[in-house]
**Student:** 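Below: one structure in structure tokens.
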Amino acid sequence: MTLSETVRLLPGVHCAVGEGGEVFLVARPRSESLGRLTADQLVTLRRLATACTVDDLLDDGLTMPLLERLRSGGWLTTTVWGNENLPLYTLRPRRRRRGAGQDPVPARVLLSRFAVLRRDGADILVESAAATCDVHIHDPGCWRSWPQR
């Protein structure tokens with residue numbers, strides 16, 4: 001299966017530029033400084049108001065370190081798409097990831113006993129107070145590929 005990925009800023013996130021050219025992301029009650037960005041990075045950051053493929057963003061001048069900073073900061077929603085350009089699932093951050101990028105991905109991932117699954121329209125929503133993001137499953141076929149215990 002060929003997968004593609006789109007990212008966009010969370011709804012309600014605004015980009016502001018200070019007098020000295022410092023760029024801020026703001027979503028009440030929090031904000032974060034991204035420092036000074038290049039003109040290309042600023043244009044690309046503004047493009048994130050709508051869904052963009054990661055490859056297009058990197059081609060447009062958004063650097064991988066900035067993309068990872070936005071991800072770990074909990075600013076980006078990520079949707080993974082399947083073969084027929086249908087969404088499989090969306091990760092929607094609830095907060096900043098602690099220690100992001102420091103721990104290797106484990107060989108086996110299990111669903112937490114604290115996770116709650118519920119219907120959200122036509123989707124399945126997986127959420128947990130212990131998690132940094134919610135998972136919106138758009139295609140129930142995704143379950144088939146998850147390891148069984």
Side-chain angles (χ1 to χ4, degrees), residues 1-16 23-35 37 40-149:
M1 175 183 276
T2 303
L3 301 176
S4 63
E5 178 182 27
T6 58
V7 291
R8 68 172 294 174
L9 287 172
L10 285 168
V13 173
H14 302 281
C15 179
V23 177
F24 294 88
L25 291 179
V26 180
R28 292 196 182 258
R30 73 181 191 122
S31 67
E32 181 178 336
S33 169
L34 298 177
L37 300 179
D40 286 342
Q41 288 174 328
L42 192 54
V43 167
T44 305
L45 185 62
R46 287 191 174 124
R47 281 190 57 215
L48 285 169
T50 60
C52 306
T53 68
V54 171
D55 291 338
D56 287 345
L57 289 172
L58 295 176
D59 289 345
D60 287 351
L62 184 72
T63 62
M64 188 56 81
L66 181 56
L67 183 62
E68 285 306 312
R69 183 171 179 193
L70 294 172
R71 280 189 205 266
S72 65
W75 296 106
L76 293 179
T77 296
T78 303
T79 300
V80 175
W81 301 78
N83 283 342
E84 290 152 21
N85 206 27
L86 295 172
L88 299 176
Y89 62 90
T90 299
L91 302 174
R92 182 170 178 166
R94 302 171 87 212
R95 62 179 169 272
R96 169 182 274 286
R97 295 187 322 208
R98 280 181 269 160
Q102 296 174 358
D103 296 329
V105 176
R108 185 167 181 198
V109 179
L110 296 174
L111 186 63
S112 167
R113 66 184 179 137
F114 302 110
V116 175
L117 282 71
R118 65 179 176 90
R119 197 172 108 193
D120 184 30
D123 296 341
I124 298 169
L125 176 61
V126 183
E127 54 190 349
S128 170
T132 58
C133 68
D134 295 335
V135 181
H136 295 258
I137 300 173
H138 310 295
D139 179 0
C142 290
W143 291 106
R144 284 179 272 205
S145 62
W146 286 18
Q148 300 297 313
R149 197 168 212 214

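Predicted model, so just to flag it, every value in this text is computed and none were measured.
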**Student:** Please test Asp139 against Leu86 for side-chain contact (heavy atoms from CB on, under 4.5 Å), starting from the C-alpha separation and ending with a verdict.
**Tutor:** CA-CA 8 Å; Asp139 179 0; Leu86 295 172; over 6 Å; no

**Student:** Mind checking salt bridge (charged side-chain N to carboxylate O under 4.0 Å, His left out) for Arg8 and listing every partner two or more places apart, or none if nothing turns up?
**Tutor:** none

**Student:** Please report the interatomic distance CD(Gln41) to CZ(Arg46), rounded to the nearest 0.5 Å.
**Tutor:**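 So the gap between those two atoms works out to 12.5 Å.
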
**Student:** Counting C-beta onward and ignoring hydrogens, is there a side-chain heavy-atom pair between Leu42 and Cys15 closer than 4.5 Å?
**Tutor:**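 The answer is yes, as the side chains (C-beta and beyond) meet within the 4.5 Å cut-off.
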
**Student:** Show the nearest heavy-atom pair for residues Thr79 and Pro87, with the distance to one decimal.
**Tutor:** CG2-CB, 4.0 Å

**Student:** Please list, chain by chain and in numerical order, all residues satisfying side-chain contact (heavy atoms from CB on, under 4.5 Å) with Cys133, sequence neighbours excluded.
**Tutor:**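 Applying side-chain contact (heavy atoms from CB on, under 4.5 Å) to Cys133 gives Leu91.
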
**Student:** Kindly compute the distance separating CG (Leu70) from CG (Leu9), expressed to the nearest 0.5 Å.
**Tutor:**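 Going from CG on Leu70 over to CG on Leu9, the span is 7.0 Å.
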
**Student:** Using the test side chain to side chain donor-acceptor pair (under 3.5 Å), find all partners of Ser33 that sit at least two apart in sequence or belong to another chain.
**Tutor:**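 By the side chain to side chain donor-acceptor pair (under 3.5 Å) rule, Ser33 matches Glu22.
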
**Student:** Excluding sequence neighbours, so at least two apart, what forms side chain to side chain donor-acceptor pair (under 3.5 Å) with Thr6?
**Tutor:** Trp81

**Student:** Grab the two heavy atoms, one from Pro11 and one from Arg92, that are nearest each other, plus how far apart they are.
**Tutor:** CD-NH2, 3.9 Å

**Student:** With a 3.5 Å cut-off and sequence neighbours excluded, list the donor-acceptor pairs that the side chains of residues 116-127 form with protein atoms.
**Tutor:**
| from | atom 1 | to | atom 2 | distance (Å) |
| --- | --- | --- | --- | --- |
| Arg118 | NE | Glu127 | OE2 | 2.7 |
| Arg119 | NE | Gly121 | O | 3.2 |
| Asp123 | OD1 | His138 | ND1 | 3.2 |
| Asp123 | OD2 | His138 | ND1 | 3.0 |

**Student:** For Ser31, give me all partners under side chain to side chain donor-acceptor pair (under 3.5 Å), at least two apart in sequence or on another chain.
**Tutor:**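 Counting only residues at least two positions away or on another chain, Ser31 forms no side chain to side chain donor-acceptor pair (under 3.5 Å).
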
**Student:** Using the side-chain contact (heavy atoms from CB on, under 4.5 Å) criterion, which residues pair with Arg69? Sequence neighbours excluded.
**Tutor:** Glu32, Leu34

**Student:** Among Val13, Leu67, Leu76, find the one that has a side-chain contact (heavy atoms from CB on, under 4.5 Å) with Leu48.
**Tutor:** Leu76

**Student:** Glu5: which residues meet the salt bridge (charged side-chain N to carboxylate O under 4.0 Å, His left out) condition with it, sequence neighbours left out?
**Tutor:** Arg71

**Student:** For a quick test of reading the model, state the closest non-hydrogen atom pair linking Leu3 to Gly82 and the distance between them.
**Tutor:** CD2-CA, 4.2 Å

**Student:** Taking side-chain contact (heavy atoms from CB on, under 4.5 Å) as the definition, give me every residue that meets it alongside Asn83, ordered by chain and number, with sequence neighbours left out.
**Tutor:** Met1, Thr2

**Student:** Could you report the tightest heavy-atom contact between Ile137 and Tyr89, atom names first, then the distance?
**Tutor:** CA-CB, 4.2 Å

**Student:** Can you list the residues that meet the salt bridge (charged side-chain N to carboxylate O under 4.0 Å, His left out) rule with Arg94, with sequence neighbours excluded?
**Tutor:** Asp134

**Student:** Enumerate the salt bridge (charged side-chain N to carboxylate O under 4.0 Å, His left out) contacts for residues 79-89, please, sequence neighbours excluded, ordered by first and then second residue.
**Tutor:** none

**Student:** Once side-chain contact (heavy atoms from CB on, under 4.5 Å) is applied, do any residues pair with Ala49, and if so which ones, sequence neighbours excluded?
**Tutor:**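 Listed in chain order: nothing, the list is empty.
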
**Student:** For a side-chain contact (heavy atoms from CB on, under 4.5 Å) check, start with the C-alpha distance between Val7 and Thr77, then their side-chain angles and the critical distance, and finish with the verdict.
**Tutor:** CA-CA 6 Å; Val7 291; Thr77 296; over 6 Å; no

**Student:** Which heavy-atom pair separates Pro93 from Leu10 by the least distance, and what is that distance?
**Tutor:**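 Minimum heavy-atom separation between Pro93 and Leu10: CD-CD2, 3.8 Å.
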
**Student:** Before you tell me yes or no, could you show the steps for Thr90 and Thr78 under side-chain contact (heavy atoms from CB on, under 4.5 Å), namely the whole-Å CA-CA distance, both residues' side-chain angles and the distance that decides it to 0.1 Å?
**Tutor:** CA-CA 6 Å; Thr90 299; Thr78 303; over 6 Å; no

